[in-house]
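Everything on this sheet refers to the single structure shown next.
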Amino acid sequence: MKGTYLGEFQEVVLLSILILQDESYGVRIQEEIQNELNRTISRGALHTALTRLEEKGFIKSEMGGATEERGGRRKRIFTVTNLGKESLKEARAVREQLWTKVPDWAVNVSYAVW
Amino acid sequence: MVKNNTPPKLFEKLFEWFCADEFFEELQGDLEEAYYHNVEAHGSAVARNIYRKEVLLMLRPSVIKKLKSQFRNSNSNNIDMIRNYLKIAVRNILGQKLYSFINIFGLAVGMAATILISLYVQNELSYDKYHEKADRIYRVSREWLNQDGESSLHLGHIAPPFAPLIENDFEGIVEQAVRLMSGYGPLMSTADGEKQFEEDNFFFADADVFKVFSWKFIKGKPETALIEPNTLVLSETAAKRYFGDEDPIDKSLTFNNFGIEIEMKITGVIQDAPNNSHFHYNMIASFLTYENVVGKEQLMQQFGSNNFSTFLLFPEGVSPAEFEAGVPAFIDKHLGANNDGNAASTTNKLHLMPLTDIHLHSHLDSEIEANGDIKYVYTYIIIALFILLIACINFMNLSTARSMKRAKEVGVRKVMGAFRTSLIRQFITESVLLATVSAILAVGIVIVVMPWFNNFSGKQLSLTTVDPLFFTSLLLGVVLVVGLIAGSYPAFYLSNFTPVKVLKGAKLNSHKKVNLRSILVVFQFFISICLIIGVGVIGDQIEYMKTKDLGFRKDNMIVLPSNQQIHDNFRMIKDRLMKQPSIEDVTFASRVPSGRLLDSQGGQAEIGGEMVNINFRIADIHVDHDYLKTLDVKFLAGRNFDYNLASDSSEAFVLNNAAIVGLGYTSSDDAVGKKFNYGGRNGFIIGVVDDFHFESLHQSIAPMVFVITQGRARNVIVQFKEGMESEASDYLKGEWETLRPGSTFDYYTISESFNDQYVAEEKLSELVSYFSWLTIFVAVLGLFGLSSFSIEQNIKEIGIRKVLGASVGSVMYLFTKRFAILVIIGIIIAVPASYYGMTEWLSGFPYATSLKPMTFVVGGLSALIFAIVTVSYEIIKAAISNPVNSIRTE
């Protein structure tokens, strides 16, 4: 089913939200991903992913408290829904099942020498 | 806090503008939070850059406001309202046919002029840009200074040794230096002699010419085409002319000029030179061909033979300034010192000009082809903008004048709850709609007028070949600019009405007040009158140049080309020609009046008993004994050349008055008999002629010396008897065909050739006159609209006046006066403005006409008459109508 499909980036976002718990709002998620995955993402790209996830029902959000740092603006705190958790687990299960089928020798890194 | 310690304002605003409302708060907050983190981590400069980037990366569908949702959310009947605006606009246009016509037609004319001139200007600016390396190609020109450091001559052609020497001495700074030299119209013929033509655009060029210029090869290879002597590359058109559809490669053409015959092998065919090139070729032969004829050693000594267009290609990243810095040392190294011991670089300069600037900015004493002029480009742009502006003013004036009609509509809309912004939007929609209709009409006008414009401007513009992106953006730009500029004033004006007042029917503005509308009308007529006066003055100047007494007899003179055979047998040919009843006189010369004086040499003159170096440029003309007599030049002192004195052919000089004055002789009598050396010839001044205009009136009269030289007769001048031009030319045609077999017979007359010099002014005059009539037409159109509206408004007043006994004349006077005053104010401002402007323009001519009061009177009066005639049509109609018709209804 197309709706439950989880893209790689979306998976990372979901996991970050779970890691951050109460602190899971835009900038923090962005920073978390940048630190953990060591890649730069824009807030705009993150916004698109969050919107998609919310449309699919994997996350929900509510407006949280404002801090002075943000010029008094409120932040939107994201939480992962049960559906989101389910699909995360499913994605993980699928991968692990696939991993069990991969022969050991196939993932040994080899360098061609000649 | 540091001053810069906030996110970039502009991007903050931008984000606020495009971000959907529902996300704005959180995203804005996030951006700001991230910004302050970044300030701490990387400093504010980096943080600001990251912020900017983040904002731009927010430009994605999930963030941006939805257009539809905006309409739906904020005002559900927005779309209906826009539909309503359009409907009302269309009704207004159709309901007010006269005003709509004036508006649309005026705007269309203005836009058409703008489009045409934009296409023209774009073409003018595109010259030579098609070369891949255009930005790295420069032309070298050579300037001579006299000892006072004044420029005496500046040629676009330089001597043949320069290019190889530059390539050698500036290694690493100059990548390529190539020469092109004209073949001076050789006769080219196929091997079987079947086809032969004189080729005007024939060049000898260095083999590397194709590394510099990127003309496309259709056949042959650019690298090897010209590396051997006697090889030739043809343009596509030339190839077709000689060989039809056959493959010309490895076939040959025979070159015939200067008494030299060379068989040349064709090694390539290239595209025709694009129209927007500052010179055009038909054939390019290898430079080695020419070098073999002259001798390489010999050629490298010819520092005085400035006939070679030389172009430099600089490597990427090298500034031409590096070359220019080395030029003086380079000149001293190769030219040594002048006669007077000063370094050659004090009187010789080499200049660079970017290839792409040549067409519009280069006006040297020699050019490959006549160039355009950036001044004319500016003039055209200004004129186009004027017309457009005048049309916009019409639009503004008619809209505000008609405001009474719309006032009630505005009042009702406001009462029903319309915001001022939505009213502004409505009126701007209306004006953009009108502008769009006008633009469509304008394109139609452009299509119709294009052939005429091309014919006139010598361009080959066409809407089909113009870059579609350029054209659409041009059209869109014109529509938006006109729609917004012309629409905004009426929009703000109309939307400002107070509903209570307009609905009660209060009169909005009385015509007695000086209002913006009157000022705009004055401005329109100011511009139109300035242009009309300008046309008049340009016309006066052309007339002056054409009719000024040049100081010699220019009528009835035919100039014919000469060649070796004619040189050698000149006396015989002359005797034969003189026997013809239609021919009065025959003479020959190196230069012919109306041409340029480009040759000069150095010398000494006896002043106060001593031989003194001549420290200014005296141009030389090589003539035969009869030259001055034929031209009927007035002698101030001394005598003309005499056949009976053998020494005259070797040691006699005739100078003009400018030369005598320059040399410092007290009088022309004083000069006669003095020793004079020139160009290695030692002799005496035997006569002084009065100054006469040898060159066109664009040039001051140059110091000249006439000497007798056999064998430099480039031109034969034949004076025919008054009224016998056709007999003379018929006879000469037969004669010349036997003397120059294979050549086409063409000749020109000196008076025509003089007039040809003023083509640029004539074109300017023609263009300015067409466009100035257009501006006055559009302005008058607007005045017509205003006057008929004013009559419509005051039709009852007219009726009552008539009932109370006013005569038709007094009614007419009353109403005409209102408009005539505006035009008269326009005239009062235009006269001094154009006086100043045209004095400036005339100061560019050494021989200028004086400003005639008549020109100003004609300009002002014609505008006034046009205005009055237009205005009175409606006024007369109203004044003679029966008052009953106008006042019986309320």
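Each chain gets a letter, A, B and so on, in the order its sequence line appears, and its residues count up from 1.
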I need the A:Leu46 CG to B:Leu57 CG distance, nearest 0.5 Å. 12.5 Å
Any idea which of A:Arg76, A:Arg43, A:Lys75 has the most non-hydrogen atom pairs under 4.5 angstrom with chain B? A:Arg43
Is it true that the side chains of B:His37 and A:Glu31 contain a donor and an acceptor less than 3.5 Å apart? yes
Checking A:Ser42 against B:Arg60 for the side-chain contact (heavy atoms from CB on, under 4.5 Å) test, could you report, in this order, the C-alpha distance in whole Å, the side-chain angles of both residues, the deciding distance, and whether it holds? CA-CA 11 Å; A:Ser42 75; B:Arg60 50 184 75 234; 3.7 Å; yes
Compare every heavy atom of B:Glu54 with every heavy atom of A:Gly44, then report the nearest pair and how far apart it is. N-OE1, 4.1 Å
Can you tell me if CZ on A:Arg95 sees more than 12 non-hydrogen neighbours from other groups inside 6.0 Å? no
A:Asn38 atom CG: more than 12 heavy-atom contacts under 6.0 Å: no
Just checking B:Lys53: does its NZ atom have more than 12 heavy atoms from other residues, nucleotides or ligands closer to it than 6.0 angstrom? no
Rounded to the nearest 0.5 angstrom, the CD-OH distance for B:Glu33 and A:Tyr25 is 3.5 Å
Is the shortest distance from a Lys or Arg side-chain nitrogen in A:Arg73 or B:Glu32 to a carboxylate oxygen in the other one below 4.0 Å? yes
Residue pairs involving residues 80-89 of chain A (criterion salt bridge (charged side-chain N to carboxylate O under 4.0 Å, His left out); sequence neighbours excluded): none
B:Asp30 side, atom CG; A:Arg28 side, atom CZ - distance, nearest 0.5 Å: 11.5 Å
Crowded around B:Phe419 CZ? As in, over 12 foreign heavy atoms under 6.0 Å? no
Which pairs, with at least one residue in residues 13-25 of chain B and sequence neighbours excluded, count as a salt bridge (charged side-chain N to carboxylate O under 4.0 Å, His left out)? A:Arg74-B:Glu25
More than 12 foreign heavy atoms under 6.0 Å from CD of B:Glu132: is that the case here? no
Contacting region of A:Ile41 [heavy-atom separation from chain B under 4.5 Å]: backbone
